[in-house]
Amino acid sequence: MSTHDSSSADDGGLVQLLLPDGERIADAGYDKWVADVDDDQLKSLYEDMVVVRRIDTEATALQRQGELGLWPPLIGQEAAQIGSGRTLRQDDFVFASYRENGVAYCRGVEYTDLLRVWRGHTHSGWNPYDINMAPSQVIIGSQTLHATGYALGCQQDGVDTVAISYFGDGATSQGDPNEAMVFAASFQAPVIFFCQNNQWAISEPVGLQARAPIASRAPGFGIPSMRVDGNDVLAVMAATRIALDRARSGNGPTYIEAVTYRMGPHTTSDDPSRYVDVLEREGWQAKDPISRLEAYLQSRGLLTDEFTGRVNATADDVAAKVREGCLGLEPPEPLSVFDHVYSEPTSWLERQKDEYVQYLQTFEGGQ
Amino acid sequence: MSTHDSSSADDGGLVQLLLPDGERIADAGYDKWVADVDDDQLKSLYEDMVVVRRIDTEATALQRQGELGLWPPLIGQEAAQIGSGRTLRQDDFVFASYRENGVAYCRGVEYTDLLRVWRGHTHSGWNPYDINMAPSQVIIGSQTLHATGYALGCQQDGVDTVAISYFGDGATSQGDPNEAMVFAASFQAPVIFFCQNNQWAISEPVGLQARAPIASRAPGFGIPSMRVDGNDVLAVMAATRIALDRARSGNGPTYIEAVTYRMGPHTTSDDPSRYVDVLEREGWQAKDPISRLEAYLQSRGLLTDEFTGRVNATADDVAAKVREGCLGLEPPEPLSVFDHVYSEPTSWLERQKDEYVQYLQTFEGGQ
Amino acid sequence: MSSMTLSRAINSGLRRALEDDPKVLLMGEDIGTLGGVFRVTDGLQKDFGAHRVMDTPLAEAGIIGTAVGLAYRGYRPVCEIQFDGFIYPGFDQIITQVAKLHYRTGGAVKMPLTIRVPFGGGIGAVEHHSESPEAYFAHTAGLRVVSCSNPQDAHTMIRQAVACDDPVMFFEPKRRYWTKGEVDEEITGQTPSIDSAAIVAAGDDVTLVTYGPLVATARDAAIAASDEGVSVEVIDLRSLSPIDFATVEASVRKTGRLVVTHEASQFGGIGAEIAASITRRCFYYLEAAPERVTGFDVPYPAAELEDHHLPDLDRMLDAVDRVMDRHNSLSGREG
Amino acid sequence: MSSMTLSRAINSGLRRALEDDPKVLLMGEDIGTLGGVFRVTDGLQKDFGAHRVMDTPLAEAGIIGTAVGLAYRGYRPVCEIQFDGFIYPGFDQIITQVAKLHYRTGGAVKMPLTIRVPFGGGIGAVEHHSESPEAYFAHTAGLRVVSCSNPQDAHTMIRQAVACDDPVMFFEPKRRYWTKGEVDEEITGQTPSIDSAAIVAAGDDVTLVTYGPLVATARDAAIAASDEGVSVEVIDLRSLSPIDFATVEASVRKTGRLVVTHEASQFGGIGAEIAASITRRCFYYLEAAPERVTGFDVPYPAAELEDHHLPDLDRMLDAVDRVMDRHNSLSGREG
Ligand SMILES: Cc1ncc(C[n+]2csc(CCOP(=O)(O)OP(=O)(O)O)c2C)c(N)n1
Ligand SMILES: Cc1ncc(C[n+]2csc(CCOP(=O)(O)OP(=O)(O)O)c2C)c(N)n1
Ligand SMILES: [Mg+2]
Ligand SMILES: [Mg+2]
């Protein structure tokens, strides 16, 4: 176990607790935040990562088979999502983008609820209050403000609930996440800005969005930040816990840049062969979050056949449920197109619906 | 002459060459950028500052007398505006907000052109290409992007022209200036972001917008920044020249925070007695940009009665011309309301105008 | 009942809303210490504290976006946009989030935001301070859009807006802020409902439909028309989305003639929707094509020109003459 | 002449524009290396370099705002907004700057931006990828708004848009990107002008007005109607601001009946303006009230529901029956 200290983010340095080869390195500032992570927890983190990757593969297959309209894979980002998602309390509230299926998994989402949006059945797979997670957000960066506002609400309520917002490296260029930092800093909102820097915004490399390390932006707004190895589940956990602790104890927002890599396409519609360098991708393959934890488990003698067998069986089981759930989803009712535009129907919309109902009736009894 | 070095902005330190009492202090990094400022130049900087303050007083009086609809005073910010405005080349292009009458003065604006907007005659007092300065911008922060785009154009044209954008402390909270930094950094555009931190955005103190010094924001975007005493005309000149030099030599954008104070109301419509602490204002009074330079001139034996007499006479003369010009402005023609919506009139608008002409004719010869 | 200005009536409505529901929060630029540039929130921060009447950083997307988060958390934020022309930086949050979140979540998440917008011209202001952007929002499903024209409505409607579970764009006719009127602050509840129109002058020959700042002008026009023997019924829409078409329809069936007037530009404005909808609903009752008297299709002009842009009494009367087929500015021309 | 898809026709139009004028620049997200998510800019960065075909940071206000600065400097930026629903973060720059700068500066500063927006639904996409926001822009003085419906127009119009000294919102019917047609790339100049409408099917009984993605559907509807003995004239507006009302008016004077159809929501949409303007211009020629067949006044629904939102051939025919007073879905009901 080598020793290493990584307190400041501004030099572009990276908090790491697990090296790509699985070696656990000590870090004076961060170790204590994961001191409680025992063998069982390590194994369960591993299981979660394997399962969400398996869900991802299954969903991609479903899309290829025409059962989903689209799917945004998270492969490569399991540690960033599970490491942070697992540290949250049930009452914390998540405002994510569209790629955080791993986080949703940690929130206890139903498998079928993960798919409704991508099968085209709804704009929100779940009731946000059931799992304290907002629906996927397509407008890049928008949700950072929502998290900040939610956090202000928690502050006003006098509770130690925290809001966390997930967004990508590309999102950092938008106005909203910058305004969110201004508001969060100004009101010392208990919010965490969790940026998964997966190196790409569709075809655009992170260098087009940011000339300095992304984590270095926050301090200029008066927000402390950390830059962590996003493929290192322990480092991500530690950083998120630091941020949660700061927020819960009334010390305001924190910004985390989790440096990771999007191993797959942007979505199933994307063709990364047009822009991704194979060598770059291979380089990141060697830093894979799952194999890294696997190596560490191995080094601790925890990677037994029995254990991996059980994990894979669980993953297969989940995948089967995902598929089954997907195929069993009931399409929405035609007239539900008019529902929930307002909390109560308006005269105008009722009339519109009414005329449409009349119209649909002309097809019955075969006009 | 005491010595002082202020290379880094991030500590919240302030570049100063002239102390409030008029003492000239040496600064290893900045002195050379104003080494050419001889007695004549010092005197002419002084004259400009006195003149623009006098214009301001006259315009405020005109507003009080009902001759202008509104006026945004710059009093207190003369050094920030003259110090930077005077360093620009004629081909550089300025994108300012509404308060930069001092900068416009440096650009050689006609006095009457300063007033047209505020008399309600037009939305742009001047043809931007006549003085290479965009019309006043009311949408807070918007012009930072225009400056960045203009700078990209200069870069593409292969010329060493620079675009400079002026904006306030309040503007830093808006999305646009943050996006402008992203774009400027990404393309290394020859642009200067010149923030006049005058401590107030109408009634809101700068602390509501920014928890860290404003100048510390830019480095996180990969843009070098300086924090200068905005009431010190020499420090402002030096900083602006550093930024211009960097831009002209292809080394990209610079961010300058000029720390100054809005001594007057936000505009003539504003009532700062509702929110400004008198003591705070008095504290800043002691750091006044004009009296500071006056003291320095005095210490160098340049503040002769003959000189001040001449300056005051010039200021009075300009003020008289401003007044005369204002009163002599011809109101716009009624039908000009339809002009220049498009580069060529559209059928729709022609018809609308036509009907309005018919309508106006019903009043002639008494219907 | 007490006599107060429209601005004061909103102030008192907001005060009641803050008193009635601890989840109500006010947010905006300069609304606290200063009490707003129009003093609409005067004294509220002092009485309710900086947590409930929040001066925010200068960023409209930030204001609306954080209000969305607060609404997620069960709050009822009332956001002030300082002037009409400054709403656009917050447009994305309004259109893609505020308007859609209830629908997006199948009704699970409520967005009871009220977005207050002092709007309209006629005050001699500089650029971006005199706009009438209501049509953008009226075209956006999921938003309610209302505008008040008198102190009583201002008071009642702001309270109804804050109490409404839907997002409400609340357009305040800034040039009428200092209009005085009697206000009953004890009125509570939902009558008249926030989305009902009001007949503010009865008439038989022409229906003149308007809202917000031009209601007063339209009433004057009706008086002037009656001097010339034309009986004009003036309808204050109050709600621009949805529109109380039943009231307008009943009036037009009676009068057979419709004039719509608003400050906003004509092309694609609210007037077009009213003309189109009423033509459909009253086709066989119409004696003349509906006329529109609106701001021209130009960017809002400089203050010295605004009188040549804004509809006024004379232009309204000219349109009344047109639908009455009396001598008017277009007599002798076709269509 | 060669046969190509609509997407390819725009690509070739952009190529010509880049060749013809060194001041033309393309800007947008993923338009360079990737060639755009719809491949509309495929190959252009390779051929013209990263300075003329610029991948920009992910920020729409940034794209439009820097394009404004470039226009100040004499450039003619062509901005791509990746999908309709992502235009709103750039809305402020479009409304308060792009649309107004020419007017603001008394004509001194030209804003020859082209803002390309793939728009409309019918492609089974997720939220924010199927919208029709054109009415917002059409209501904004200072902007031109156009939409193409076929490869030849796509090619000609994009070149005209880029050459136009005014800002042009260029709406591309994304579900028709793969429609093929003959394109003459040698056509230059301004005929037909970018703001003229085209009669794409002649008829005598009903005028059916549309644009963009629904032109093809409307043509099919005309064919289906003719099978039932109703002769429908289909007008492709091409320009939504200004609208070529002379062409529509002439048609309605002939047919006496108007149906307007678009994907955008009805309330306050383009259809309202057309109904209102044509009612005024053709009042004594109208046999029936103009009808509108549009997307409903709901946020764009989930993909599985879009067929219950978008106008289709049957809904168009139903409206044709209504204006013809033939048996239709509303027979027996009033108004
Ligand atoms: C406002 C807006 N503009 C553009 C898009 C199109 N778009 C979808 S995802 C994406 C890239 C996002 O990159 P990043 O923020 O890094 O997140 P990642 O996809 O890598 O998780 C873009 C440009 C969008 N969804 N919203
Ligand atoms: C988008 C927008 N929002 C709000 C306003 C109203 N407003 C005008 S000036 C101002 C304060 C600006 O403060 P700052 O940027 O510090 O500039 P200063 O006036 O101090 O020069 C505000 C809020 C505006 N003009 N534009
Ligand atoms: Mg990314
Ligand atoms: Mg300020």
Side-chain angles (χ1 to χ4, degrees), chain B residues 93 95 117 122-124 126-130 132 134-139 141-157 161 163 165 174-176 178-187 189 191 332 336-351, chain D residues 22-23 25 27 50-52 54-75 77 89-90 92-93 95-97 99-112 141-144 164-167 195-196 239 241-246 273 277:
Chain B
F93 208 101
F95 292 86
V117 165
T122 170
H123 291 320
S124 175
W126 53 82
N127 178 328
Y129 296 117
D130 284 348
N132 284 343
S136 61
Q137 175 63 258
V138 173
I139 303 297
S142 186
Q143 73 278 12
T144 53
L145 283 167
H146 308 166
T148 304
Y150 193 94
L152 286 179
C154 298
Q155 189 184 54
Q156 301 240 5
D157 290 343
T161 302
S165 176
Q174 288 279 13
D176 281 5
N178 291 289
E179 296 189 12
M181 287 196 276
V182 171
F183 277 67
S186 193
F187 297 116
V191 62
S336 71
V337 80
F338 295 103
D339 293 345
H340 305 301
V341 182
Y342 297 95
S343 53
E344 314 214 329
T346 64
S347 52
W348 172 267
L349 201 55
E350 279 297 274
R351 188 182 167 107
Chain D
K23 292 294 184 189
L25 293 179
M27 309 171 65
H51 282 279
R52 299 198 59 202
M54 298 164 67
D55 272 330
T56 65
L58 203 179
E60 288 75 13
I63 294 170
I64 309 290
T66 51
V68 167
L70 281 157
Y72 256 107
R73 179 80 198 169
Y75 283 86
D92 171 59
Q93 284 285 342
I95 303 301
T96 69
Q97 309 301 324
K100 292 187 201 283
L101 263 160
H102 191 253
Y103 192 74
R104 179 179 304 155
T105 61
V109 177
K110 297 233 181 300
M111 279 292 126
L143 299 176
R144 286 175 179 273
C164 177
D165 275 346
D166 301 324
D195 51 18
S196 62
S239 177
S241 175
I243 285 175
D244 175 4
F245 277 117
E273 182 56 53
S277 281

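To find a chain, count down the sequence lines: A is the first, B the second, and so on, and within it residues start at 1. None of the values given here were measured: they were computed from a predicted structure.
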message: Restricting to non-hydrogen atoms, name the atom on B:Leu145 and the atom on D:Ala61 that form the minimum distance, rounded to 0.1 Å.
response: CD1-O, 3.3 Å
statement: Turns out that what part of D:Leu25 lies under 4.5 Å from chain B's heavy atoms comes down to side chain
- prompt: B:Leu152 and D:Met54: side-chain contact (heavy atoms from CB on, under 4.5 Å), yes or no, with the steps?
  reply: CA-CA 11 Å; B:Leu152 286 179; D:Met54 298 164 67; 4.0 Å; yes
Side-chain donor/acceptor of B:Tyr129 to backbone N/O of D:Tyr72, under 3.5 Å: yes
task: Return the option, out of B:Ala184, B:Ser347, B:Cys154, B:Gly175, with the maximum number of heavy-atom pairs under 4.5 Å with chain D.
output: B:Cys154
- request: Provide the closest heavy-atom pair for B:Ser343 versus D:Asp166 in the form atom of the first, atom of the second, distance.
  value: N-OD1, 2.6 Å
field: Shortest non-hydrogen contact between D:Gly65 and B:His146, atoms and distance
entry: O-CD2, 3.4 Å
query: Does B:Val337 offer a backbone N or O that forms a donor-acceptor pair with the side chain of D:Tyr103 under 3.5 Å?
result: yes
message: How close do B:Phe183 and D:Ala59 get, counting heavy atoms only, and between which atoms?
response: CZ-O, 3.8 Å
field: Region of B:Ala134 that comes under 4.5 Å of a non-hydrogen atom in chain D
entry: both
- prompt: Are side-chain heavy atoms of D:Thr105 and B:Pro135 found at a separation under 4.5 Å?
  reply: yes
message: Counting heavy-atom pairs under 4.5 Å with chain D, which one of B:Gln155, B:Gln156, B:Gln143 comes out on top?
response: B:Gln156
- prompt: Given a strict heavy-atom distance threshold of 4.5 Å, which part of B:Asp130 is in contact with chain D: side chain, backbone, both, or neither?
  reply: neither
task: For B:Thr346 and D:Arg144, run side-chain contact (heavy atoms from CB on, under 4.5 Å): C-alpha distance rounded to whole Å, both residues' side-chain angles, the deciding distance at 0.1 Å, then the answer.
output: CA-CA 10 Å; B:Thr346 64; D:Arg144 286 175 179 273; 3.8 Å; yes
task: Could you check D:Phe245 against B:Arg351 for side-chain contact (heavy atoms from CB on, under 4.5 Å), going step by step and ending with a plain yes or no?
output: CA-CA 11 Å; D:Phe245 277 117; B:Arg351 188 182 167 107; over 6 Å; no
B:Tyr342 (side chain) donor-acceptor with D:Gly142 (main chain) under 3.5 angstrom: yes
B:Ser186 portion near chain D, given a 4.5 angstrom heavy-atom threshold: side chain
message: So does D:Ala71 get a backbone contact from the side chain of B:Tyr150, meaning a donor-acceptor N/O pair under 3.5 Å?
response: no
query: Checking heavy atoms, do the side chain of B:Thr161, its backbone, both or neither come under 4.5 Å from chain D?
result: side chain
field: Region of D:Asp244 that comes under 4.5 Å of a non-hydrogen atom in chain B
entry: neither
message: Test your reading of the model: is there a side-chain donor-acceptor pair from B:His340 to the backbone of D:Gly106, 3.5 Å cut-off?
response: yes
message: Could you walk me through whether B:Glu179 and D:Thr66 satisfy the side-chain contact (heavy atoms from CB on, under 4.5 Å) test, starting with their C-alpha distance in whole Å, then the side-chain angles of each, then the deciding distance to 0.1 Å, before giving a yes or no?
response: CA-CA 10 Å; B:Glu179 296 189 12; D:Thr66 51; over 6 Å; no
B:Asp176 portion near chain D, given a 4.5 angstrom heavy-atom threshold: side chain
